[in-house]
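Note: hydrogens, waters and symmetry copies are ignored here, and every other heavy atom, side chains too, is used. For ligands, and for the atoms within them, numbers begin at 1 and follow the listed sequence. Values in this document were obtained by computation on a predicted structure and should not be read as measured data. Index from 1, following the sequence.
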Amino acid sequence: MKKVKLGTSELEVGEVSLGCMRMSQLSHKEAAEVIENALDNGVNFFDHADIYGAGKSEEIFSEAIGMNDSIREKMYIQTKCGIRKGFFDFSKEHILSSVDGSLKRLNTDYIDVLLLHRPDALVEPEEVAEAFSELKESGKVRHFGVSNHNPMQVELLKKYIKQDLIINQLQLSVMFTPMIDSGLNVNMEDDPAIVRDSSVLDYSRLNNMTIQAWSPFQHGMFKGVFVGNEKFPELNAKLQELAAKYKVTDSAIAIAWILRHPGNIQPIVGTMNPQRLTEISKASDIELTRQEWYELYLAAGNRLP
Ligand SMILES: NC(=O)c1ccc[n+]([C@@H]2O[C@H](COP(=O)([O-])OP(=O)(O)OC[C@H]3O[C@@H](n4cnc5c(N)ncnc54)[C@H](OP(=O)(O)O)[C@@H]3O)[C@@H](O)[C@H]2O)c1
């Protein structure tokens, strides 16, 4: 598994990472298999959030593997805070208590990366800055980042926060590409030209923030998986053609498409099927050609100007 360097940090982690949002549905035995298989494949970065399974995903994760110092050293753990029932909360009090809850459930002394999950309209960046400084000084959190933020929201936080923001986690798949469409359709009159995220892709590259691609197999927001989906015959035909060429699965090609982007994007895959993760990990061994990357983009229903 190739490594990706996260933002301005010293962290170099497996370029394919595992999202644990769906882990709360597993037994301890199943979860242990998922985690051990991930580590065997070089997938050593795990994405959590305080809200996944209402805390249960973090709990099962640590209980399943019997978290201890030697296991902890083999992995990188990221978690998120800021989403509550019916509202978003970036208050200092909530950030601090959320991290304490995650540390307890994960049975660890530190979080490698903490992300603010979704923008809070009532954010007071001074408070976020205070919370982050306390968490850094106490050693509870090593690095910080955001999720689903646009560049100006990042700039507002950066004005106050002392630590680098190393990550922005955003939805991206070959079937969900607003951040790419607008860059390809500059100055055009049709929908793909609409800039929905204030050029977050170019901003992140300019500022050395790693983009993590969440839901890399979904079309729309949680509308379902596009791989093997009869609604998308052209894309699936192209995925299968390239899968045969590179001797990997169609799912691996969908991840190779994200990895081919030169912006060092780290996909966060959500499969809880060990065999599937093993197959997907092979995406790290192949490099699509420039033409193949565009062919997949077009097969997904996009046009070029
Ligand atoms: N920051 C945010 O706002 C945000 C939002 C959503 C998610 N996330 C993060 O992103 C991670 C991934 O999200 P996700 O689970 O929606 O992503 P995903 O990897 O796009 O989807 C995984 C789901 O698709 C299923 N699936 C069915 N066929 C598949 C195939 N051929 N290839 C791959 N998967 C297939 C998997 O089932 P099997 O388990 O049976 O394989 C699993 O239930 C989450 O765990 C979370 O960490 C972040």
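For the 3.5 Å distance criterion, the side chains of Gln25 and Glu30 fail to qualify, holding no donor opposite an acceptor. Using modelled atom types and a 3.5 Å distance limit, the side chains of Trp214 and Asn148 yield a donor-acceptor pair.
Side-chain heavy atoms closer than 4.5 Å link hydrophobic residues (I, L, V, M, F, W, Y) into clusters, and following such links, possibly through other members, connects Ile265 to Leu296.
Among protein residues, Gly19, Cys20, Met21, Arg22, Asp47, Tyr52, Lys80, His117, Ser147, Asn148, Gln169, Trp214, Ser215, Pro216, Phe217, Gln218, Phe222, Val225, Val227, Ser251, Ile268, Val269, Gly270, Thr271, Met272, Asn273, Arg276 come within 4.0 Å of ligand 1, judged on heavy atoms.
Here Glu126 does not pair with Lys92 in a salt bridge; the nearest charged N to carboxylate O distance is not below 4.0 Å.
The shortest side-chain heavy-atom distance between Ile95 and Asp89 does not fall under the 4.5 Å cut-off.
The side chain to side chain donor-acceptor pair (under 3.5 Å) contacts involving residues 12-22 comprise Glu15-Ser284, where partners must be two or more places apart or lie in separate chains.
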